[in-house]
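Shown next, in structure tokens, is the structure this report addresses.
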Protein chains: 2
Amino acid sequence: MELTTQQEKVLSALRKAKKPLSAYAVLDALRTQGVRSPPIVYRALEKLQGAGLVHRVESLGAFVACRHTHGKGPDGIHAFAICSQCGAVEELCAPSLAKSLGRKSGGLLAEINHSMLEISGLCHGCVRGACAKKNTKKGSGACSQ
Amino acid sequence: MELTTQQEKVLSALRKAKKPLSAYAVLDALRTQGVRSPPIVYRALEKLQGAGLVHRVESLGAFVACRHTHGKGPDGIHAFAICSQCGAVEELCAPSLAKSLGRKSGGLLAEINHSMLEISGLCHGCVRGACAKKNTKKGSGACSQ
DNA sequence: GCTGTTATGTTATAACGTAACAAGATGGGA
DNA sequence: TCCCATCTTGTTACGTTATAACATAACAGC
Ligand SMILES: [Zn+2]
Ligand SMILES: [Zn+2]
Ligand SMILES: [Zn+2]
Ligand SMILES: [Zn+2]
């Protein structure tokens, strides 16, 4: 896919960050580059998500750049492990899960478009007391585990 | 667990609804019963979630009353199938998934507290064109599949 | 030129969530 | 009884996240 200027900027900001960024954190990061208003960020995020280049981590209300190459098919599952203390996030590869979802989806769904799995807990570093506490602001400081 | 008056009200509102309600929809539903401000609803929701009586559907930013009896253990997984068109939701029973999560959590997490799986797509009714479109407001009209 | 389409841009507002404080209730111990 | 600690409940105000609505620019094809 051909990215527009704004989409490039947003993707680049997410790639630089070491943890998920809220849309407004992206906005702040891009103010120096002329990005001024929420809709610009949200529109770019929407396209990037559609292209599979960015995911939204639902339980955080934040966005990450994808480091994988998904099939981009409708049945790809997006899975994240999240440390609830320091905010570290890891995108998991769980293709095998996707297959079982058709059966798991119970009686309701006729077709599946999108699946997400989010597992939260404490990372090894936080259990050892070696991580900084969750950074509330956009600062990119993440956890070294 | 012993529920307080407000918790009873909130739980009851969620049980009556045929689809997930946002916190503010709960608030609106309970205005006639003297509930006036967001923190009351959020505090009740927090307790109810802790007791496993209510879940938050992350991708909708909305809450549902649980119809199951979970183990309430920390490793219970909450799974939902969601129709993205009409808003119908079904809570799935996926205990077997929970077991595999320890392995799936990759290198990051040392311990798991909470897991959520959300599968969205189109329900049978929407595929057939038999469902009403998603109701934006609190109206309880859901999908008959 | 004109027209349709896509991308940008701005303002304002809706929707979701929480911090901080005030007021009442409860329950000892001096 | 009175004071004080503590817990719960309630309210105001605020912070954060997301979108509606409208306006403009840029470009392609005719
Ligand atoms: Zn990915
Ligand atoms: Zn951590
Ligand atoms: Zn449940
Ligand atoms: Zn439907």
Side-chain angles (χ1 to χ4, degrees), chain A residues 1-14 17 19-51 53-64 84 87 118 133-139, chain B residues 1-11 13-14 17 19-51 54-64 84 87 116 118 120 133-139:
Chain A
M1 182 178 132
E2 201 59 36
L3 295 184
T4 69
T5 310
Q6 312 293 8
Q7 288 159 14
E8 295 270 17
K9 289 182 194 168
V10 168
L11 182 55
S12 159
L14 288 176
K19 48 165 248 181
L21 295 183
S22 77
Y24 278 72
V26 172
L27 178 57
D28 284 342
L30 296 179
R31 279 196 199 278
T32 59
Q33 296 172 53
V35 177
R36 257 166 263 220
S37 53
I40 293 181
V41 175
Y42 280 103
R43 288 197 280 240
L45 286 171
E46 191 175 346
K47 294 290 185 184
L48 291 168
Q49 283 181 267
L53 295 170
V54 160
H55 307 307
R56 184 193 150 117
V57 184
E58 301 288 343
S59 57
L60 301 177
F63 302 84
V64 285
S84 57
E118 295 181 15
K133 299 289 178 244
K134 179 149 39 183
N135 18 25
T136 54
K137 278 302 174 189
K138 60 168 177 171
Chain B
M1 183 176 129
E2 201 58 36
L3 295 184
T4 68
T5 311
Q6 312 291 17
Q7 289 161 13
E8 294 270 16
K9 289 181 192 166
V10 168
L11 182 56
L14 288 176
K19 48 166 247 180
L21 295 184
S22 77
Y24 277 70
V26 172
L27 179 57
D28 283 341
L30 296 179
R31 279 196 199 279
T32 58
Q33 297 172 51
V35 177
R36 256 166 267 216
S37 51
I40 292 181
V41 175
Y42 280 103
R43 287 199 277 242
L45 286 172
E46 191 175 345
K47 294 288 185 184
L48 291 168
Q49 282 182 269
V54 160
H55 307 306
R56 184 193 152 119
V57 185
E58 302 286 345
S59 58
L60 301 176
F63 302 84
V64 284
S84 57
M116 46 148 286
E118 296 181 14
S120 73
K133 298 293 178 241
K134 179 148 41 183
N135 17 28
T136 54
K137 279 301 174 192
K138 60 168 177 171

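Convention: sequence-line order gives letters A, B, ...; per-chain numbering from 1. In what follows, every heavy atom counts, from backbone to side chain, and hydrogens, waters and symmetry copies are set aside.
Every residue meeting the side chain to side chain contact (heavy atoms under 4.5 Å, CB included) condition with B:A62, not counting sequence neighbours, appears here in chain and number order: B:P20, B:L60. Scanning for side-chain hydrogen bond (donor to acceptor under 3.5 Å, both in side chains) contacts around A:S59 gives A:E118, with sequence neighbours left out. For B:E58, the salt bridge (charged side-chain N to carboxylate O under 4.0 Å, His left out) test picks out B:R56, with sequence neighbours left out. Evaluation of the side chain to side chain contact (heavy atoms under 4.5 Å, CB included) rule for A:S37 yields A:P39, A:I40 as partners, not counting sequence neighbours. Listed by chain and residue number, A:T5, A:Q6, A:L30, A:Q33, A:V35 satisfy the side chain to side chain contact (heavy atoms under 4.5 Å, CB included) test with A:K9 (two or more places apart in sequence, or in another chain).
The shortest heavy-atom contact between B:A23 and B:L45 is CB-CD1, 4.0 Å. A:L11 and A:V54 get closest at one heavy-atom pair: CD1-CG2, 3.9 Å. Of all heavy-atom pairs spanning B:A13 and B:V26, the tightest one is CB-CG1, 4.5 Å. Across all non-hydrogen atoms, the minimal contact from B:F63 to B:L14 is O-CD2, 3.4 Å.
From one end of the helix from C:dG1-D:dC30 to C:dA30-D:dT1 to the other, with five pairs defining each end axis, the axis direction shifts by 10° (rounded to 10°).
As a whole-Å value, the separation of B:R36 CZ from D:dT12 C1' is 14 Å. Going from atom CZ of B:R56 over to atom P of D:dT17 covers 12 Å, rounded to whole Å. The interatomic distance linking B:Q33 (CD) with D:dG10 (C1') rounds to 17 Å, in whole Å. Whole-Å rounding puts the A:I40 CD1 to D:dA18 C1' distance at 15 Å. Atom pair A:E58:CD and C:dG17:C1' shows a separation of 16 Å (rounding to whole Å applied). Counting to the nearest Å, the C1' atom of D:dT17 and the CG atom of A:L21 are 14 Å from each other. Atom CG of A:L60 and atom P of C:dG17 are 13 Å apart (whole Å). B:L30 has its CG atom 15 Å from the C1' atom of D:dG10, to the nearest Å.
Distance check, rounded to the nearest 0.5 Å: NZ of B:K47 to CD of B:E2 gives 13.5 Å.
Contact check of residues 6-14 of chain A against DNA chain D (heavy atom, cut-off under 4.0 Å) returns no residues at all.
Side-chain nitrogen and oxygen atoms of B:S22 include at least one within less than 4.0 Å of the OP1 or OP2 phosphate oxygen of C:dC16. Applying the 4.0 Å criterion to OP1 and OP2 of D:dT12, one finds that B:S37 has every side-chain N and O outside that range.
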Between protein and nucleic acid, restricted to nucleotides 18-25 of chain C and to nitrogen or oxygen atoms under 3.5 Å apart, what atom pairs and distances do you find?
none

